[in-house]
There are 2 protein chains.
Amino acid sequence: MRPLIHPPVEAITVEGILHALSDPVRVQILAGIIKAECPQSCAKFQMVKNRELPKSTLSQHFKVLREAGLIRCERKGVELHNSTRYAEIRERFGPLLTAILDAYAAEQR
Amino acid sequence: MRPLIHPPVEAITVEGILHALSDPVRVQILAGIIKAECPQSCAKFQMVKNRELPKSTLSQHFKVLREAGLIRCERKGVELHNSTRYAEIRERFGPLLTAILDAYAAEQR
DNA sequence: TCCGTCGTTCGGTATTTTGGAACTATTGAA
DNA sequence: TTCAATAGTTCCAAAATACCGAACGACGGA
């Protein structure tokens, strides 16, 4: 199993972020990770929008989020611990991520 | 030729906006339309990033922007006049669009 | 009416996404 | 030390999406 790829902050792109967050499943995953106060396993998000996601699809979604620089993943025993890179992204891109998440949240209602 | 589709503001989605703007060509087109003080024809954007875009591709990009609710297109004689829906979107989604465009602009440097 | 221009649509190819099945890494228990 | 269970990844084929050349449609001007 090849090691997980995390881009350095300087390599994170707006294009990558927008692409990653143009999928509602990934938005929901990211929002869940941000809301939680401790790192979350992937399996926590198998059920999204009343639908069971196949494991391979879920794994792909995490890969996209990871390679866009939105989350950080560390092996902890048998599972992965996913945490947000919110702070780094805010430092580099200002209010971008906040605006996106707020807009999605506002849309829900 | 079927009529051009413009979603009503209420039908505009964050997902659609992010998808449309996750392509740098479309971002450049939108930025150009916003910057100009009068409506722009599609042909104005045939040259993007030192590259000649095929007409059919350009047309697709405009369609995506239009159906995401980001621009409005009106026939004016033989050409289309494209203008931004910035104001409507800000009304509905707050700083989202501004944050995206700013982030792209900041990334350029 | 004919021509030139601007843009759309069609259809084939290329790229991306999806998801089932097989696989890997790690833990805990026998 | 082996075995089974769990969490994720990888492989690969099928479905969906993007790309772009060529044909087409709509309009204005000569």
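Sequence lines set the chain letters: A, B, ... in the order given, protein chains first and strands last, and positions in each chain run from 1. Note that the structure is predicted; figures quoted are calculated from it, not measured.
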Between [atom2] of [N] and [atom1] of [X], the distance in whole Å:
| X | N | atom1 | atom2 | result |
| --- | --- | --- | --- | --- |
| A/L4 | C/dT26 | CG | P | 12 Å |
| B/L80 | C/dG7 | CG | P | 6 Å |
| B/E67 | C/dT9 | CD | P | 9 Å |
| B/L58 | D/dA18 | CG | P | 16 Å |
| A/Q60 | C/dG19 | CD | P | 11 Å |
| B/N82 | C/dT8 | CG | C1' | 13 Å |
| A/K55 | C/dT18 | NZ | C1' | 16 Å |
| B/F62 | C/dC6 | CZ | P | 13 Å |

Measuring from the side chain of [X] (C-beta onward, heavy atoms only), which nucleotide among [options] has the closest atom?
| X | options | result |
| --- | --- | --- |
| A/T57 | C/dT18, D/dA18, D/dG21 | C/dT18 |
| B/V78 | D/dT6, C/dT5, D/dA18 | C/dT5 |
| A/M1 | D/dT9, C/dG7, C/dG19 | D/dT9 |
| B/A43 | D/dA26, C/dG19, C/dG7 | C/dG7 |
| B/S56 | C/dT17, D/dC19, D/dG21 | D/dG21 |

Quiz item: Quick one: are A/L21 and A/L97 in side-chain contact, heavy atoms under 4.5 Å?
Solution: yes
Self-check item: Non-hydrogen side-chain atoms of B/I29 and B/L58 separated by less than 4.5 Å
Solution: yes
Self-check item: Pair of N/O donor and acceptor under 3.5 Å linking C/dG7 base with B/S59 side chain
Solution: no
Between [N] and [X], is there an OP1 or OP2 to side-chain N/O distance shorter than 4.0 Å?
| X | N | answer |
| --- | --- | --- |
| A/H61 | C/dG19 | no |
| A/S41 | D/dA7 | no |
| B/R66 | C/dT8 | yes |

Practice problem: Name the residue closer to the 5' end of DNA chain C, choosing between A/V64 and A/K76 according to the nucleotide with the nearest heavy atom. | Solution: A/V64
Quiz item: Starting at the 5' end of DNA chain C and moving along, which residue's nearest nucleotide shows up first, B/E79 or A/R26?
Solution: B/E79
Quiz item: Within the structure shown, what part of the strands sits under 4.0 Å from A/H81 by heavy-atom distance: base, sugar-phosphate, or nothing?
Solution: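 Nothing, no heavy atom under 4.0 Å.
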Exercise. Determine whether more than 12 heavy atoms belonging to other residues, nucleotides or ligands lie under 6.0 Å from atom CD of A/E52.
Key: yes
Practice problem: Kindly compute the distance separating CD1 (B/I89) from CG (B/L96), expressed to the nearest 0.5 Å. | Solution: 8.0 Å
Exercise. To the nearest 0.5 angstrom, please state how far the CD1 atom of B/I34 sits from the CG atom of B/L101.
Key: 5.0 Å
